[in-house]
Every structure is written in structure tokens, then in C-alpha cells.
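Reviewing the structure listed below.
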Amino acid sequence: MNSLFLKSSIFLLLLLSLARYQPHPSQSDWPEWRGPARDGTSAEKGLPTQWSPKGENLAWKASYGGRSAPIVLGDRLFLQNGVGKGETLQERVMCLNADTGKVLWEHHFNVYMSDVPPHRVGWASPAADPATGNVYAFGVGGTLLGLSNDGKLLWERSLAEDFGIVTTHGGRTVSPVVEGDLVIVSALTAGWGNQARGSQRFMAFDKKTGETVWVSSPGGRPFDTTYAPPIVAAVNGMRLFIDGGGDGSVHALKLQTGEPVWKYEISKRGINTGVVLKGTTAVVSHGEENLDSSEMGLLAAIDATATGNIGKGQIKWSVKGFIGEYSSPVIDGDRLYQIDNGANLYAFDIASGKQLWKLNLGTIQKSSPVLGDGKLYIGTESGKFFILKPGPDRCEILDEHLLGSELAPEAVIGSVAVSRGRVYLVSSDALYCIGKKTTALPPPAESKDSPPPDSPATHLQVVPTELVLKPGASVHFHCRLFDAKGRFLREGRASWSLEQLRGILLENGQFTAAADGAAQAGQVKATVEQLSGMARVRVIPPLPWNENFESLPGDAVPAHWINGAGKFVVRAIEGNKVLVKLADNPFTKRARAYMGPADWSNYTVEADVRATEKRRQMGDAGVIAQRYALILFGNHQKVELESWQPETTRTARVPYAWKPDTWYRLKLQVQNLADGKVRARGKIWPASEAEPSAWSIEKLDPIPNRRGSPGLYADATNEIFFDNLKVRSNQ
């Protein structure tokens with residue numbers, strides 16, 4: 001009897017310990033970096049008015065810093081940052097106990113085939129799903145992943161290889177948004193087909209599987225990568241996703257479908273600040289040159305019920321010359337607070353745009369303020385952290401501390417999180433929990449879901465979309481109908497057809513790709529009465545591949561290539577067709593074109609390359625396999641074997657003298673080894689000569705990329721040529 005009681009007690013304690021770490025969605029969660037309403041405000045009361053980094057009113061401190069904001073779900077805190085150094089540097093999602101600061105788990109993932117410098121790793125914040133407890137992260141290199149509440153990898157997408165995401169030295173990366181069944185991100189991409197043109201695209205994925213649900217391209221030509229935080233709001237019964245883009249416009253989309261509703265073109269560069277709403281008034285801002293004048297910066301209020309392009313009639317007021325490029329605003333009743341680039345905090349009357357007061361906090365500002373319990377919590381890049389009490393005509397400093405020291409201040413770039421009476425602050429060096437050491441979990445939040453009204457369908461969506469299939473593989477498509485306000489109605493019975501695809505398509509939407517081994521790229525189309533929608537599909541044959549470009553019609557690159565069209569063409573050179581990397585656009589002089597699925601491994605890529613020389617300038621050319629690149633550098637006369645170019649310590653390099661207007665052969669082999677490491681090695685030789693037996697360069701990677709798409713690399717102000725491409729499985 002005692003033994004049974006003991007066993008039962010142990011079992012009960014085990015259940016209680018496991019239950020402690022289960023998601024507990026509540027009204028006090030801070031599941032995304034701008035909070036539960038995505039507007040930088042908290043409804044909590046009793047928040048701290050003072051503290052000290054040395055211990056006063058400090059619940060705990062942990063030595064994990066970063067540049068992004070933390071999020072909190074129940075008793076768990078999540079943070080995205082970098083881990084390791086040099087050759088071992090990776091991106092990381094951390095989970096800590098929100099009550100103690102104890103690390104519960106970490107998930108590391110690589111940065112690859114990216115131009116992002118090491119010090120900008122961990123730019124975005126993760127996002128948590130209150131319904132499941134799952135966490136989603138978007139890395140600086142284009143990796144989007146879903147993790148369970150206990151750190152298990154649910155799914156992972158390489159958006160660079162799947163969509164042609166462009167990552168730059170700026171490192172700007174959006175934070176995900178979780179809404180309903182969707183995880184939504186945006187980026188500058190250049191894919192295939194009608195998405196080959198570079199554009200700021202918004203992409204929604206199924207939060208359970210990672211499958212693509214919709215892709216929207218509402219903008220014009222992009223100028224920058226951006227990290228503007230989106231807001232989701234109901235405007236006249238329509239659920240809108242509102243966000244700034246790299247094209248200098250603010251876009252409003254229907255949340256569940258990605259259909260554009262309105263856009264406001266305001267800047268000659270990308271927008272990094274978030275939008276806030278007061279009723280149906282949206283307040284937008286930026287810190288670059290205005291589209292309609294040479295002045296820098298704008299703060300404006302517009303009518304969020306508009307459609308199409310926002311015109312003068314929908315602009316309620318504007319303040320030109322306000323340079324708020326990084327820090328997003330918050331609304332406090334009838335007042336709006338925003339910080340400019342010089343760390344000046346302003347208050348504006350939200351009805352008129354009239355400036356009410358101004359308070360200087362420092363010299364440089366990136367972090368956005370958070371409003372809670374009548375107080376503002378703000379950190380600055382110079383290491384100062386403030387607790388302020390704003391009023392109608394002035395702002396009182398309640399508390400002010402320098403994090404770190406005068407000689408080594410801890411920069412604050414991300415916003416704070418507010419949860420269960422505490423304020424969670426991340427600096428470049430540390431994570432601080434400000435407030436009481438113990439606090440209770442609030443009751444769960446009530447569900448706000450309600451069925452949509454009976455209304456006619458105006459939009460048809462085919463899911464999944466953006467698929468990569470093997471020849472002969474099958475997939476079952478679904479037709480989903482939405483009303484004019486973007487609300488899901490039902491699945492529809494559709495008529496199905498194929499465009500530029502070969503295979504068998506059944507009446508129920510099941511498609512089986514042709515098994516002849518040929519590459520394809522096209523659409524599966526569904527039609528219901530006057531509505532139609534499409535899923536985009538690429539069919540990629542298995543290895544081996546041999547491509548000399550002679551059989552390709554016209555001058556187009558293979559239709560299934562990512563980031564190829566518009567940057568590469570096929571042209572006859574000396575009587576033979578070759579692939580040419582164009583040099584007609586300075587914005588696209590560097591390109592990585594991907595040719596296959598992102599999950600391939602253990603293969604070899606070979607190609608002939610040739611560079612031209614003009615004004616003593618030669619370009620760079622290379623091949624890609626499994627997220628490693630073998631690149632000949634023309635001006636520097638060397639060859640490099642790399643996975644992440646700006647992180648130079650993980651790059652192998654040797655001198656190699658290669659001549660212009662001469663064909664050379666590049667061969668890159670990548671092998672997954674039994675000990676968990678990866679060996680990448682390459683050869684380079686004049687194409688007119690026999691292949692040498694020895695490898696020219698080799699790298700053993702301790703944090704390996706164990707899968708990835710084959711591809712080509714070029715960076716040149718002059719044209720680069722490729723021919724006789726081969727991709728084969730390793731023997």
C-alpha cells in the first residue's frame with residue numbers, strides 16, 4: 001500500500017513538473033515583439049516604477065544579450081540571438097524560465113549563403129502561438145522554422161533556396177507574426193515565373209506544417225530590405241495585415257488571403273517603423289527622403305478604410321521633417337509618442353498632429369517604446385534605460401540607469417516585454433527581469449473566434465502552393481473560398497486544370513506529376529464559377545543532371561530555377577550556347593541561382609566558368625552545393641570555399657591565377673560524414689586540360705550544413721559565362 005502510494009506520488013509530481021512547462025495562454029502574455037496587440041502597449045497594472053541593475057526590484061539577471069526583443073508565453077521567455085564565435089557562430093532561439101532566468105533549452109541553426117555580417121545575427125524576434133505554445137523564428141539568412149514549446153523542431157524552410165530571398169549587409173529581418181493558422185513574414189525575394197522579378201513579398205505559411213498558403217506581391221521595385229513590424233487590425237469588419245515594405249510604401253492586405261486593399265507610397269527608401277491605429281486612423285512614419293519632396297522624414301495619419309492608392313483625400317494630417325526611421329510609435333489615449341533617430345521622444349496630438357512636448361533621452365535611438373500602466377519603458381543605443389511618466393504637456397523621468405559602464409555601455413536595440421507585472425529587458429550583454437521575484441499566472445484569455453457571416457465568395461485560394469515535387473509524385477490540392485472582407489467561408493468544389501505542367505489531375509484536385517524525368521514549372525488552376533486561383537508547382541528530376549544549354553528554347557534560363565530569370569540569359573558564344581550572368585543592372589550584379597530542392601545532400605556540382613575583363617576589373621564566379629560555394633575571385637586572383645562569406649574565419653582560401661576570356665572547370669563535392677561533420681572540397685583547372693587527381697581546396701565543417709540546393713554564384717560588373725553544368729550524386 002505504501003509502495004503504491006509512493007509510486008502514485010512520484011507519478012503525480014512528474015505530471016506536475018511536466019505541466020509546468022506547458023503553454024498557458026493568458027491576457028498577460030507578450031507573444032510577439034510589439035506585444036499582444038502588436039502596438040507596443042500593455043493593459044497590465046502595477047508595473048515597476050523604479051529598479052536598479054545592481055539588485056533593487058530586480059527579479060533576476062542572465063548573461064544572454066542580443067539585439068532583438070524577448071517574448072513571453074506563460075512562464076517561458078524566448079529570445080533570439082547569436083551563439084558561438086567565428087567558425088562556430090550560429091543563430092539561436094533560447095527558452096528560459098520567466099520566473100528564474102534558468103535556461104530550459106536552446107535551438108541552434110546555421111547562417112548560409114548570405115551577405116549578413118556576423119554582428120547582425122539574431123536581428124528578428126521570435127513569435128509564439130498562444131493556442132499551441134509553439135514558437136516560430138526567422139533567421140537573418142532566410143531560415144524560417146517552427147519549434148514546439150519544449151524545443152523540438154517541427155519544420156524548417158529555407159526561404160533563400162525556395163523563394164530567392166535577398167539578404168544584405170544591413171541584416172534587416174522581419175519578425176514573424178502568428179495569426180490563426182498562419183505564420184507570416186516578408187522579405188525582398190526573386191523567385192521563378194511571375195515571381196522572378198525582385199519585389200517585397202509577404203508570405204504566409206501553415207503554422208503546423210510550414211506549407212506555403214499564400215504569397216502576395218503588392219509593391220513596386222524595392223530599395224532596401226526592411227524590418228517593419230506589422231499590425232493586424234479589424235477595419236470595417238475586414239481583418240487587415242498592415243506593414244511597411246522595401247518599396248517605400250505601407251501596405252494593407254487581407255490577412256487570410258494576401259489580397260492588397262490599399263497602399264500609401266511615402267518614401268524613396270524602405271520603411272522600418274510600425275503602424276499604429278486609433279479607430280480607423282492609421283499613423284505611419286519613416287526617416288528617409290520623402291517621395292514627393294527632398295525633405296527627410298514623415299509622420300502622417302491616414303484613413304485606414306481607404307482602398308487602392310492613398311491620395312490626398314485620405315491623409316488627415318502630416319508632419320514632414322520628423323526623422324523617425326527605426327523606433328515605432330505607441331498610442332496613449334489621444335496622444336501619440338514616437339522617438340526620432342536622435343533619441344528625442346515626442347508627443348503629438350493624434351487628432352491634429354500638433355506637437356505637444358519633446359524630451360531628449362540620448363544621442364542614438366533604435367529601440368521602440370512600450371507603454372503600460374501609464375508609463376513608458378525605453379532603452380537607448382547609448383545604454384540608458386528609462387521609466388517615464390508621460391502627460392499632456394510634459395514627461396517626467398521616474399527612473400534612469402546606465403547599463404554597463406561609461407566606457408562599455410550595453411546598447412538596447414530591442415523593445416522590452418511586459419508580462420505578469422514584470423518588464424523584461426535585453427541589452428547587448430544581458431537579460432534583465434525587472435519586478436517581483438514571484439507572481440501568479442493570470443487566467444487564460446477568452447477565445448474571440450466567431451464564425452463569419454453568410455456572404456458571397458469573392459476570392460479563391462488553392463493550398464498548398466509553392467511546391468517542389470519529384471517526377472511521378474502526387475499532391476492533393478484544396479480549393480478555399482473567402483468573402484470580400486477576406487474571411488474564410490468554406491472549401492469549394494472546383495474545376496481543375498493545368499498550365500505549363502504535365503501530369504494527371506483528378507476531379508478532386510489530386511495532381512500526379514509526369515514521371516518522364518523532365519523538369520517542369522507551372523500552375524495547377526482551380527475554378528469555381530467566375531473565381532479562379534492557382535498553386536505554383538516545380539517538378540525537379542532526380543540526379544544526375546547534364547546541362548549544356550543547347551536544347552533550351554530561346555534565351556531563357558530553365559523555368560524552375562530560383563533567382564535566375566532577369567539575371568541570367570542563354571546566349572550563343574563562339575558557336576555554342578552558354579549561360580550568361582548579365583551585367584546590365586548594378587542592383588543585381590551579385591546573384592545566387594538555385595536549381596533544385598533545399599533538402600538534397602551528398603552530391604557534386606561541376607561547371608565551366610569564364611570571366612571577361614574591362615578596365616582591369618574581373619568578376620567572381622562559382623558553383624554551390626549543399627549550402628557551400630566554391631568561388632573564383634577575379635580581381636583578387638584566389639579561390640574560396642565558403643558557406644557564409646562575411647564570416648571569414650570559416651572560409652578556406654588559396655591563391656589561384658586565372659585569366660580572363662579563358663574557360664576553367666570548377667568541381668565542388670560535399671559529403672555528410674558519419675561523425676556528423678561535413679567535408680567540402682573543390683578543384684579548379686583549365687577546361688582545356690585533364691582533370692587533376694588532387695583536390696585544390698578542402699574544408700571540414702564542425703557545424704555543418706547537411707542539406708541544400710545546387711546552384712550558381714556570380715558577382716560582377718562585367719559578364720560571367722557558365723557552360724557544361726553537371727550535378728551528380730556522390731559515388
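Just so we're clear, the structure is a prediction, and the values are computed from it rather than from any experiment. This chain uses plain numbering: 1 for the first residue, then up along the sequence.
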Quiz item: Hey, mind stepping through V283 and L299 against side chain to side chain contact (heavy atoms under 4.5 Å, CB included) and telling me if it holds?
Solution: CA-CA 7 Å; V283 180; L299 181 70; 3.8 Å; yes
Quiz item: Please walk me through it: do D99 and R422 pass salt bridge (charged side-chain N to carboxylate O under 4.0 Å, His left out)?
Solution: CA-CA 10 Å; D99 295 323; R422 297 172 178 153; 2.8 Å; yes
Quiz item: Checking salt bridge (charged side-chain N to carboxylate O under 4.0 Å, His left out) for the pair E179/R239: CA distance, chi angles, key distance, verdict?
Solution: CA-CA 11 Å; E179 184 77 21; R239 196 77 170 153; 2.9 Å; yes
Practice problem: Apply salt bridge (charged side-chain N to carboxylate O under 4.0 Å, His left out) to D150 and K152, showing your working. | Solution: CA-CA 6 Å; D150 57 4; K152 178 183 177 182; over 6 Å; no
Quiz item: Can you list the steps and then say if W644 with V121 is a side chain to side chain contact (heavy atoms under 4.5 Å, CB included)?
Solution: CA-CA 12 Å; W644 176 19; V121 167; 3.5 Å; yes
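With sequence neighbours excluded, no residue satisfies ring-ring contact (aromatic ring centres under 6.0 Å, His included) with F138.
Looking at S68, its side chain does come within 3.5 Å of a backbone N or O of A124 through a donor-acceptor pair. E44 contributes a side-chain N or O that, together with a main-chain N or O of R420, makes up a donor-acceptor pair within less than 3.5 Å. Of the possible donor and acceptor atoms, one in the side chain of K375 sits under 3.5 Å from a partner among the backbone N and O of D373. Here the side chain of W60 pairs a donor or acceptor atom with the backbone of A98 at under 3.5 angstrom. Between the side chain of T649 and the backbone N or O of E87 there is at least one donor-acceptor pair closer than 3.5 Å.
Side chain to side chain, E32 and S175 fail the donor-acceptor criterion of an N or O pair below 3.5 Å. Judged purely by distance below 3.5 Å, without hydrogens or angles, the side chains of E156 and T143 never pair a donor atom with an acceptor atom. A donor-acceptor pair shorter than 3.5 Å can be found between the side chains of T41 and D39. Side-chain contact, D129 with Y136: no donor N or O sits under 3.5 Å from an acceptor N or O. Side chains of D224 and T226: a donor-acceptor N/O pair is absent below 3.5 angstrom, by distance only.
The only member of V426, L425, L402, L403 that meets side-chain contact (heavy atoms from CB on, under 4.5 Å) when paired with E410 is L403.
Annotation: K208, atom NZ; neighbour count of heavy atoms from other residues, nucleotides and ligands within 6.0 Å does not exceed 12.
Here CZ of F241 is found 5.0 Å from CD1 of I184. Values are rounded to the nearest 0.5 Å.
Closest approach of G244 to F202, counting heavy atoms only: O-CZ, 4.4 Å.
Ring orientation note: the planes of W105 and F78 are tilted relative to one another, at an angle of 30° to 60°.
Remark: aromatic rings of W51 and Y432 are close, center separation under 6.0 Å.
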